[in-house]
Asker: 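Mind having a look at this structure? Questions to follow.
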Amino acid sequence: MPIGGRLMQLTKVNPWTHPAFFDAGVMVEGHRRILFLNGQAAVSSEAETMHVGDIRAQAGLTLDNIERVLDDAGMTLANIVRMNTYVVDVDDYFRYADELVSERLARFDVRPPGVLAQVSQLARPEILIELEATAVD
């Protein structure tokens, strides 16, 4: 699969048919760089928390922020090979934000393995979701 003008081999590893929304593993061969993104959240470029109380809107801005970091590194969402999701309410995540996150990643045929964890609080009490990713090219 050519990514960023370079031939890199991504092999999806799925020994089971469930769950359908992520790959069990992704083997990466022929890559040259690895980018570890810190936890991204719905924070403006001025460090202001945005969309307080709205996990769907926070998820969208969080993905925008991930794309901004990736773009700065010369990558896109297509380069993500792992993503961990931390939320303060997993039921709200599935109800309001999961579909948005899945659809954004699906545009790039990305179903990254990772963790979905409910935590009691994130870095700021008004943040409802944080995404941490690893990307390669």
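Here, residue 1 is the first one in the sequence, and each next residue gets the next number. This structure is a prediction, so every number in the text was calculated from the model and none was measured.
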Asker: Could you state the interatomic distance from OG1 (Thr76) to CG (Asp71), rounded to the nearest 0.5 Å?
Answerer: 9.0 Å
Asker: Nearest 0.5 Å, what's the CE-CG distance between Met83 and Leu116?
Answerer: 10.0 Å
Asker: Rounded to the nearest 0.5 Å, what separates atom CG in Leu61 from atom NE2 in His51?
Answerer: 5.0 Å
Asker: State whether the side chain of Arg33 and the backbone N or O of Ala73 hold a donor-acceptor pair below 3.5 Å, judged by distance alone.
Answerer: yes
Asker: Between Ala57 and Asp54, which heavy-atom pair has the shortest distance, and what is it?
Answerer: N-OD1, 3.0 Å
Asker: Taking everything shown except Gln118 itself, do over 12 heavy atoms lie less than 6.0 Å from its CD?
Answerer: yes
Asker: Determine whether Val81 and Val136 make a side-chain contact, defined as any pair of heavy atoms from C-beta on separated by less than 4.5 Å.
Answerer: yes
Asker: Have a look at Leu100 and tell me which of Leu105, Ile55, Leu63 forms a side chain to side chain contact (heavy atoms under 4.5 Å, CB included) with it.
Answerer: Leu63
Asker: Minimum heavy-atom separation for Ala42 to Thr62, with atom names?
Answerer: N-OG1, 3.2 Å
Asker: Using only atom types and a distance under 3.5 Å, with no angle test, would you say the side chain of Asp137 pairs donor to acceptor with the backbone of Met75?
Answerer: no
Asker: For Asp98 and Tyr93, indicate whether the former's side chain and the latter's backbone hold a donor-acceptor pair under 3.5 Å.
Answerer: no
Asker: Val43 pairs by side chain to side chain contact (heavy atoms under 4.5 Å, CB included) with which of Met50, Glu48, Arg124?
Answerer: Arg124
Asker: Just checking Arg68: does its CZ atom have more than 12 heavy atoms from other residues, nucleotides or ligands closer to it than 6.0 angstrom?
Answerer: no
Asker: Would you say Glu126 and Val88 make side-chain contact, with heavy atoms under 4.5 Å?
Answerer: no
Asker: Begin with the C-alpha distance, continue with both residues' side-chain angles, and end with the deciding distance and a verdict on side-chain contact (heavy atoms from CB on, under 4.5 Å) for Leu131 and Ile66.
Answerer: CA-CA 8 Å; Leu131 300 174; Ile66 285 174; 3.6 Å; yes
Asker: Taking 4.0 angstrom as the limit, do Arg104 and Glu67 come out as a salt bridge?
Answerer: yes
Asker: For residues Val87 and Val119, determine if any side-chain heavy atom of one lies less than 4.5 Å from a side-chain heavy atom of the other.
Answerer: no
Asker: Please report the shortest heavy-atom distance between Leu37 and Leu70, naming the atom on each side.
Answerer: CD1-CD2, 4.1 Å
Asker: Rounded at 0.5 Å granularity, tell me how far CZ in Arg56 sits from CD1 in Ile129.
Answerer: 11.5 Å
Asker: Quick one: CG on Leu128 to CG on Leu122, what's the gap to the nearest 0.5 Å?
Answerer: 8.0 Å
Asker: Please report the interatomic distance CG(Asn65) to OG(Ser44), rounded to the nearest 0.5 Å.
Answerer: 8.5 Å
Asker: Are Asn38 and Gln40 close enough, and set up right, to give a side chain to side chain donor-acceptor pair (under 3.5 Å), and what steps lead you there?
Answerer: CA-CA 6 Å; Asn38 72 336; Gln40 297 293 312; 2.6 Å; yes
